[in-house]
Asker: 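Dropping a structure here in structure tokens format, bear with me for questions.
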Amino acid sequence: MSRILLSHGAGGREMADLIRQVFRGHYAQADVSQDDSAIVTLGGVNLAFTTDAFVVSPLFFPGGDIGRLAVAGTVNDLLTAAARPVALAASFILEEGFPIPTLERLTDSMQQTAAEAGVSIVTGDTKVVPRGSADQVFITTTGLGVVLRPGVSGAAARPRDRVILTGPVGDHGAAVMLARENLLQGSPIVSDAAPLNDIVLALLEAGVEVHALRDPTRGGLAATLNEIAGQSQTAIEIQEGLIPVRPAVAAVCEALGLDPLTVANEGKMVIIIAPEDADRALELIRGRRYGQEARIIGEVLPGPAGRVQVRTVLGTSRLLEMPSGELLPRIC
Ligand code: MG
């Protein structure tokens with residue numbers, strides 16, 4: 001393969017191959033983390049450090065916009081390192097002709113989301129490209145946080161751990177697809193885009209034994225579970241009947257031929273937790289604004305390493321593979 005395809009940005013198998021071959025293959029730091037944040041130690045303090053580019057189309061959709069997404073996405077990636085998010089940088093690529101009032105709406109939304117997440121946007125950059133060289137606006141946010149508990153990583157999942165999902169899957173992907181196709185009329189579907197500080201910091205403060213955290217964004221729950229199983233060399237089994245999917249989202253996925261387990265979320269967390277702390281954690285999460293529909297959906301098994309399986313409502317088992325193909329381009 002000699003050229004970039006849309007599937008290289010979809011969060012599934014092709015993207016993982018590109019990262020391995022091109023980025024990890026050419027950077028000096030060959031053992032770069034496979035988590036959503038890197039850990040940088042500075043003066044004895046562990047810092048979580050992450051960056052994410054946002055190219056969603058359309059810019060505004062029910063439940064959010066590219067600005068809210070850009071802040072919440074980076075905040076959530078810091079949280080996956082069990083870090084308290086502290087500061088963000090925001091870089092804008094603007095297309096010539098983009099309306100400044102629209103840019104102000106987006107920056108207001110970013111500030112509101114940052115305030116909700118307790119972070120400050122402290123620096124940034126602005127580039128403008130000629131009309132047609134970019135589509136309206138692309139935003140890159142970089143985040144810095146202080147690690148509250150070292151060792152939380154996809155690699156730290158252990159057999160017998162429970163898998164908690166903080167709410168229904170597929171809302172964000174379905175909302176953006178409907179908005180893009182102008183099919184929203186009468187639809188109750190709203191993106192879940194939200195910063196999840198409330199949930200993650202509460203768990204860390206309560207001292208429950210969290211082993212791994214990951215937000216199931218591009219590639220959905222399927223990609224996230226495959227990543228964790230691969231990193232930790234465990235297997236993960238989830239129960240189909242326990243995975244919440246809103247009826248309207250399930251209907252949209254069915255109509256578009258999508259598996260809700262591969263559709264992007266922007267306000268959900270997968271939490272891998274020691275079995276003895278799972279019930280206490282679940283209760284805590286359910287008491288939070290964005291965690292009311294949380295559930296334990298499965299368990300980590302000793303092997304086969306890297307395998308994710310779904311036990312269906314009929315009692316049979318199927319493999320849940322790393323998604324591949326284009327999925328939904330420009331979903332975040
Ligand atoms: Mg992430």
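First listed ligand is number 1; within each ligand, the first listed atom is number 1. Along the sequence shown, residues are numbered consecutively beginning with 1. On a predicted model such as this, the values are computed, not experimentally measured, just so you know.
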Asker: How long is the gap from CD1 on Ile285 to OH on Tyr290, to the nearest 0.5 Å?
Answerer: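 Ile285 CD1 to Tyr290 OH: 15.5 Å, rounded to 0.5 Å.
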Asker: Can an N, O or S atom be found in Asp36 less than 2.8 Å away from the Mg ion (ligand 1)?
Answerer: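 Short answer: yes, at least one N, O or S atom is under the cut-off.
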Asker: Less than 4.0 angstrom from a charged side-chain N to a carboxylate O is my criterion; do Arg311 and Glu237 meet it?
Answerer: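 Looking at Arg311 and Glu237, the cut-off is met.
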Asker: To the nearest 0.5 Å, tell me how far Ile243 CD1 sits from Gln239 CD.
Answerer: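 So the CD1 of Ile243 and the CD of Gln239 are separated by 8.5 Å.
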Asker: For Glu14, which residues count as a side chain to side chain contact (heavy atoms under 4.5 Å, CB included) partner, sequence neighbours excluded?
Answerer: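 Glu14 satisfies side chain to side chain contact (heavy atoms under 4.5 Å, CB included) with Ser7, His8, Ser324 only.
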Asker: For Asp77, what is the atom name of its N, O or S atom nearest to the Mg ion (ligand 1)?
Answerer: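 The closest N, O or S atom of Asp77 to the Mg ion (ligand 1) is OD1.
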Asker: Taking just the N, O or S atoms of Asp215, which one is nearest to the Mg ion (ligand 1)?
Answerer: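 Sorting the N, O and S atoms of Asp215 by distance to the Mg ion (ligand 1) puts OD1 first.
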